[in-house]
Amino acid sequence: MDDNDLGNIGYDPYEFANVIGDGEQTLHPGCSKYTKLSALVKLYNLKAKHGMSDVCFTELLILQGDLLTEGNTIPFSMYEAKKTLSTLGTSYEKIHACPNDCILCMKDFGDSTNCPTCGISRWKECKDSILKEDVPVKVVWHFPLIPRFKRMFQSRKTAKSLTWHADKKSVDGHMSHPVDSLSWKLLDDKWPEFGKEPRNLRLALSYDGFNPHSSFSSRSSCWPVILVMYNLPPWLCMKQKFMMFDLIDFWS
Ligand SMILES: [Zn+2]
């Protein structure tokens, strides 16, 4: 399974229902501490934290399956693990970009070696000035939003929270939520059809850069883009669980 395959998983509501089932299934008979899903998320976090290869992770899953009692539900391969996690909304696509931020190398520019605007190569240059094909200078990791929104609207409780803004405007004249702001009203006036639909989504975008290797001598930088949903009530809209990663811009 490659990254593009992962991008197609997660649109099927029946697949998501299976994941909910995994969240209720115990890891092994008699286990009350972990479910199949919580164990998998913990293991996958370890993989990401320590840069474990796919081969190593598969071997770890097989070993875990052997160590646990018979009837355990640990996935037996990387493919199965990724399939489950992708349905949860962790699917992504990697898109090469111009090192000077002119274009994304997709669609008409998918096969371009050099940027049509500034002419710079998308491939990394070695010490001897030879271009290393297949090693991009800049990569954007895109985490598609639409499958995640679809899943959020599948939950009756969350769907109700997402339309909170439609009938909870401030009555005392004080601003308690972005819905009371002038910019919110400006959007309603400019696009009335959009404003009339309570299920419309309004997102705030935030980003900042950091050095992923914690070293001043490293040229690598990472720019995560985080979205906040202003549809939600004030006590939820800034909660971490409702903040969404949309992009990570990685420069090596
Ligand atoms: Zn360029």
Side-chain angles (χ1 to χ4, degrees), residues 1-11 44-45 47-54 78 82 85-86 88-150 178 183 186-187 190-191 194 200-231 238 240 242-252:
M1 176 185 281
D2 61 23
D3 299 341
N4 290 330
D5 293 330
L6 283 170
N8 292 327
I9 297 173
Y11 287 85
Y44 209 82
N45 275 342
K47 176 188 184 311
K49 190 175 171 185
H50 298 291
M52 210 182 289
S53 70
D54 288 0
M78 183 70 198
K82 273 190 173 178
L85 292 170
S86 298
L88 275 179
T90 53
S91 61
Y92 60 86
E93 54 183 335
K94 287 199 273 188
I95 308 165
H96 299 174
C98 163
N100 290 331
D101 299 323
C102 308
I103 57 148
L104 291 172
C105 302
M106 58 191 296
K107 296 186 178 172
D108 291 347
F109 306 123
D111 296 323
S112 302
T113 302
N114 292 73
C115 171
T117 306
C118 70
I120 198 167
S121 171
R122 74 200 258 191
W123 306 120
K124 201 169 177 180
E125 199 173 283
C126 303
K127 281 179 187 165
D128 49 8
S129 298
I130 295 171
L131 293 174
K132 262 170 115 177
E133 282 214 14
D134 299 333
V135 181
V137 178
K138 192 169 223 180
V139 181
V140 176
W141 293 52
H142 176 226
F143 300 81
L145 290 175
I146 290 174
R148 284 187 274 175
F149 285 132
K150 280 183 177 175
S183 51
L186 182 69
L187 276 177
K190 209 165 181 184
W191 292 281
F194 176 81
N200 64 38
L201 290 161
R202 305 193 193 202
L203 307 170
L205 186 148
S206 165
Y207 70 96
D208 198 3
F210 65 93
N211 184 334
H213 304 303
S214 310
S215 161
F216 290 115
S217 61
S218 170
R219 286 180 67 242
S220 299
S221 69
C222 202
W223 289 77
V225 176
I226 295 171
L227 297 173
V228 174
M229 277 173 285
Y230 279 160
N231 290 58
M238 298 305 285
Q240 192 178 348
F242 285 111
M243 292 183 184
M244 295 198 290
F245 255 134
D246 184 38
L247 292 173
I248 299 180
D249 188 357
F250 187 76
W251 173 292
S252 62

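Every number for a ligand or one of its atoms is a count from 1 in the order of the listing.
By the ring-ring contact (aromatic ring centres under 6.0 Å, His included) test, His96 pairs with Trp123, sequence neighbours left out. With sequence neighbours excluded, the residues that form a salt bridge (Lys or Arg N to Asp or Glu O under 4.0 Å) with Asp54 are Lys47, Lys82. Residues satisfying the side-chain contact (heavy atoms from CB on, under 4.5 Å) criterion with Thr117, sequence neighbours excluded, are Cys102, Ile103, Cys115.
Under 2.8 Å from the Zn ion (ligand 1), one finds the following protein N/O/S atoms: Cys98 SG, Cys102 SG, Cys115 SG, Cys118 SG.
In this structure, the side chains of Arg202 and Asn231 come closer than 4.5 Å at one or more pairs of heavy atoms. Side-chain atoms of Met229 and Met243, non-hydrogen and from C-beta on, never get closer than 4.5 Å to each other. For the pair Pro224 and Tyr207, the minimum side-chain heavy-atom distance is 4.5 Å or more.
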